[in-house]
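In the text below, chain A, chain B and the rest are named by the order of the sequence lines, each starting its count at 1.
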There are 2 protein chains.
Amino acid sequence: MASSVRPKLPKNYQLIYEIVQASGIGRHLTPSEIFTKAHKRQPGIGFSTVYRGLERLRELGLISELYVPGVDAATYEPSGPWHAHFRCSACGAIEDVAYAIPPRTLKMLALQHGFKIASERVTFEGRCAACAF
Amino acid sequence: MASSVRPKLPKNYQLIYEIVQASGIGRHLTPSEIFTKAHKRQPGIGFSTVYRGLERLRELGLISELYVPGVDAATYEPSGPWHAHFRCSACGAIEDVAYAIPPRTLKMLALQHGFKIASERVTFEGRCAACAF
DNA sequence: GAAGGGCTGAAAGTGATTTTCACTTTCACA
DNA sequence: TGTGAAAGTGAAAATCACTTTCAGCCCTTC
């Protein structure tokens, strides 16, 4: 389905979506970075539109939002398979990590505590390869 | 060691520490809640002192900081054994969950990616027992 | 072609956190 | 016990991310 038709998406939202897509999985953009990029392509676009767009796209599941401790802005990335994130406490880089908590474990925890788990967020912190030494 | 001597801690920081301790593991306080409590015991204490104290205590590893998506203030809890957190998307409650990613897994991931993991944060989201139905 | 809903940008508002600054307290050591 | 340096302090202002509001525009639908 790649860049399949999405006829109902207002063009500004489409633009935002493209920007986040273009950044690729593994890059993580803050709203203001997105705004800057969007503004280049569409001068006159407003801040609020970017926020609204991000919210909408998130609702639609097209992008996902990510809160990383130590970064006070939310960051966005294209939706993709579940994965964890790693943040280097030295250089601040954020890396994707192919890891998800096993479904069996989730089920067990949910059962134990009596709640329903809809999503999980896993973030590691430490030093990346470049800063590790 | 319980409330062991910590001769080097300025008394305001000590106070903050006590407040967070007193809240107990599993309770999660925001800086402004902490400020309010501190202010009762020590009228005249300033906001900045609370923030500074929290920062210091965190550096010392005496308390831990927790960012929960959907809550825009940081929250603090006494340091304790590693555990995950669960946030109910309906009522906003935050629960502790006794879960940590197995050390073996961490080691493997670290090896794979070439970084050193110092800490992990795991947050689940969904509906708590009360809201699940 | 008119009605109505969704979308828009600008600007003001909100609330958490950080910074600044001048003053006070604490501490190590002579 | 005196002394200077370093650390801690509170108030207020600044910053920063984000949200809300509002009046106008555009595009679809009838």
Backbone of A/T75 reached by a side-chain donor or acceptor of A/T30 within 3.5 Å: no

Side-chain N or O of B/Y13 closer than 4.0 Å to phosphate OP1/OP2 of D/dA7: no

d(CD1, A/I45; P, C/dC7) in whole Å: 14 Å

Reading 5' to 3' through nucleotides 16-22 of chain C, protein heavy-atom contacts under 4.0 Å coded B for base, S for sugar-phosphate only, - for none: SBBBB--

Side-chain donor or acceptor of B/E95 paired with backbone N/O of B/C128 under 3.5 Å: no

Atom pair distance, as rounded to whole Å: CG in B/L60 and P in D/dA7: 14 Å

A/R56 CZ to C/dG6 P, straight-line distance once rounded to whole Å: 9 Å

Qualifying residue for side-chain hydrogen bond (donor to acceptor under 3.5 Å, both in side chains) with B/E77, from B/Q21, B/R27, B/H83: B/H83

Atom-pair distance (CG on A/L29; P on D/dA17), nearest Å: 15 Å

Rounded interatomic separation in angstrom, taking CD from B/Q14 and P from D/dG8: 14 Å

Side-chain donor/acceptor of B/S79 to backbone N/O of B/G61, under 3.5 Å: yes

C/dC7 phosphate, OP1 or OP2, under 4.0 Å from A/N12 side-chain N/O: no

Distance in angstrom units between A/F35 CZ and C/dT8 P, rounded: 14 Å

Nearest non-hydrogen partners of A/R121 and A/Y67, listed with the distance: NH1-CD1, 4.3 Å

Spatial distance of atom OH (B/Y17) from atom CG (B/L60) [nearest 0.5 Å]: 9.5 Å

Distance, rounded to the nearest Å, where A/L54 contributes CG and C/dT8 contributes C1': 15 Å

Nucleotide C/dA10, atom C1' - distance to CD of A/Q42 in whole Å: 16 Å

